[in-house]
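Each remark here refers to the structure printed beneath this line.
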Amino acid sequence: MDDTIARENTALMPYLVAASQILGVAALAVTGAWLSQYRGGFSWDGPEQFNVHPLCMVLGMVFLCGDALLVFRVFRHETKRATKILHGSLHILALIVSLVGIIAVFQFHKKKSIPDMYSLHSWLGITTFTLYILQWILGFFMFFLPGVGFVLKSRFKPLHVFLGLSLLVSTIATCLVGLTEKMLFSLP
């Protein structure tokens, strides 16, 4: 009976994963098209430096983070160590790409004499990013490095999964708030 339930739950998995990848690439494509066609393109030194921020944040904190969360579902039959390495590596890549986006927006604000951390999006974003870093560090020490007992790992795992999913939802909400703010600030 349990075997049948497990097969039913995983039968749709390839389609769900494919749908998530299509939606993720579509979100990146729409963001990139919007920024390049309607917001002036991309530049690190010019007025388009701000546009690096939304693209990097969507790529890092939404797409790559979402993919990292799927690793344990997609690669169920791989070794635990290989899956952990892929999971952690995708998160590291997400952190690096997102950090580029954060640096871009802070430098843009400095050049334009715009105060940092002036909006709800700013505070939600920096809080989410800080919690994301803490989640990664805790996960690294709890699950990757040897020496942590099985009981402690098993108690922390549900919290780690919950916080990871909560951070993804928080990231998406923060992106939506940021896009709304950008639209409102762009109105004449």
Side-chain angles (χ1 to χ4, degrees), residues 5-6 8-28 30-31 53-105 117 120-180:
I5 293 171
E8 287 175 11
N9 288 341
T10 58
L12 288 176
M13 186 61 73
Y15 302 106
L16 295 173
V17 170
S20 75
Q21 296 308 294
I22 290 168
L23 289 173
V25 170
L28 281 170
V30 168
T31 303
H53 172 71
L55 188 65
C56 283
M57 300 315 281
V58 170
L59 174 59
M61 295 296 287
V62 177
F63 186 71
L64 291 173
C65 177
D67 277 356
L69 295 182
L70 286 174
V71 162
F72 288 103
R73 298 280 182 198
V74 174
F75 300 108
R76 289 176 183 252
H77 304 296
E78 301 301 322
T79 64
K80 193 71 135 178
R81 184 117 177 119
T83 334
K84 285 180 181 182
I85 289 170
L86 181 58
H87 178 74
S89 298
L90 282 170
H91 279 304
I92 280 288
L93 187 58
L95 282 170
I96 292 168
V97 170
S98 301
L99 190 59
V100 169
I102 291 171
I103 291 168
V105 78
M117 308 305 292
L120 176 63
H121 169 72
S122 304
W123 286 102
L124 287 173
I126 208 69
T127 301
T128 301
F129 189 71
T130 302
L131 291 173
Y132 187 77
I133 291 171
L134 291 174
Q135 167 82 338
W136 192 91
I137 292 169
L138 275 172
F140 181 76
F141 282 110
M142 292 293 290
F143 300 113
F144 194 72
L145 293 181
V148 178
F150 178 75
V151 173
L152 189 56
K153 284 182 181 183
S154 63
R155 285 188 181 160
F156 183 69
K157 184 181 174 189
L159 180 63
H160 182 71
V161 171
F162 173 77
L163 291 175
L165 189 56
S166 298
L167 284 169
L168 180 63
V169 170
S170 176
T171 296
I172 293 168
T174 302
C175 284
L176 293 173
V177 169
L179 292 171
T180 303

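Computed over heavy atoms, backbone and side chain alike; hydrogens, waters and symmetry mates excluded. From a predicted model like this one, the values you see are computed outputs, not experimental measurements.
- The SG atom of C65 sits 10.0 Å away from atom CG of L70, with the distance rounded to the nearest 0.5 Å.
- Of all the heavy atoms in A94 and L64, the pair that sits closest is CB-CB, 3.8 Å.
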Listed pairs under 3.5 Å, donor-acceptor, residues 13-23 side chains, sequence neighbours left out:
residue : atom : partner : partner atom : Å
S20     : OG   : V17     : O            : 2.7
Q21     : NE2  : D67     : OD1          : 2.5

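- F72 contributes atom CZ, which lies 6.0 Å from atom NZ of K80 (distance to the nearest 0.5 angstrom).
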Under 3.5 Å, side-chain donor or acceptor atoms of residues 129-136 against the rest of the protein: list the pairs with distances, not counting sequence neighbours.
residue : atom : partner : partner atom : Å
T130    : OG1  : I126    : O            : 2.7
Y132    : OH   : H91     : ND1          : 2.4
Q135    : NE2  : H160    : O            : 2.7
Q135    : NE2  : H160    : ND1          : 3.2
W136    : NE1  : G88     : O            : 3.3

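- In this structure, CD1 on I85 lies 7.5 Å from OG1 on T79, to the nearest 0.5 angstrom.
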Which pairs would a plain distance check flag for residues 165-176, meaning a side-chain donor or acceptor within less than 3.5 Å of a matching protein atom at least two apart in sequence or in another chain?
residue : atom : partner : partner atom : Å
S166    : OG   : F162    : O            : 2.8
S170    : OG   : T128    : OG1          : 2.8
T171    : OG1  : L167    : O            : 2.8
T174    : OG1  : S170    : O            : 2.7

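- Evaluation of the side-chain hydrogen bond (donor to acceptor under 3.5 Å, both in side chains) rule for S122 yields S119 as partners, not counting sequence neighbours.
- Pairs of residues two or more places apart, or lying in two chains, never qualify as side chain to side chain donor-acceptor pair (under 3.5 Å) while including a residue from residues 93-105.
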Report all side-chain donor-acceptor pairs from residues 138-157 shorter than 3.5 Å, counting only partners two or more places apart or in another chain.
residue : atom : partner : partner atom : Å
S154    : OG   : F150    : O            : 3.1
S154    : OG   : V151    : O            : 2.9

- Item | Trace of the side-chain contact (heavy atoms from CB on, under 4.5 Å) decision for M61 with V97 | CA-CA 8 Å; M61 295 296 287; V97 170; over 6 Å; no
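- Residues meeting the side chain to side chain contact (heavy atoms under 4.5 Å, CB included) test with V100, sequence neighbours left out: W44, V52, C56.
- The two residues A27 and T31 make their nearest non-hydrogen contact at O-OG1, 2.7 Å.
- Under the side chain to side chain contact (heavy atoms under 4.5 Å, CB included) criterion, V71 pairs with F75, T83, L86, H87, L90, sequence neighbours left out.
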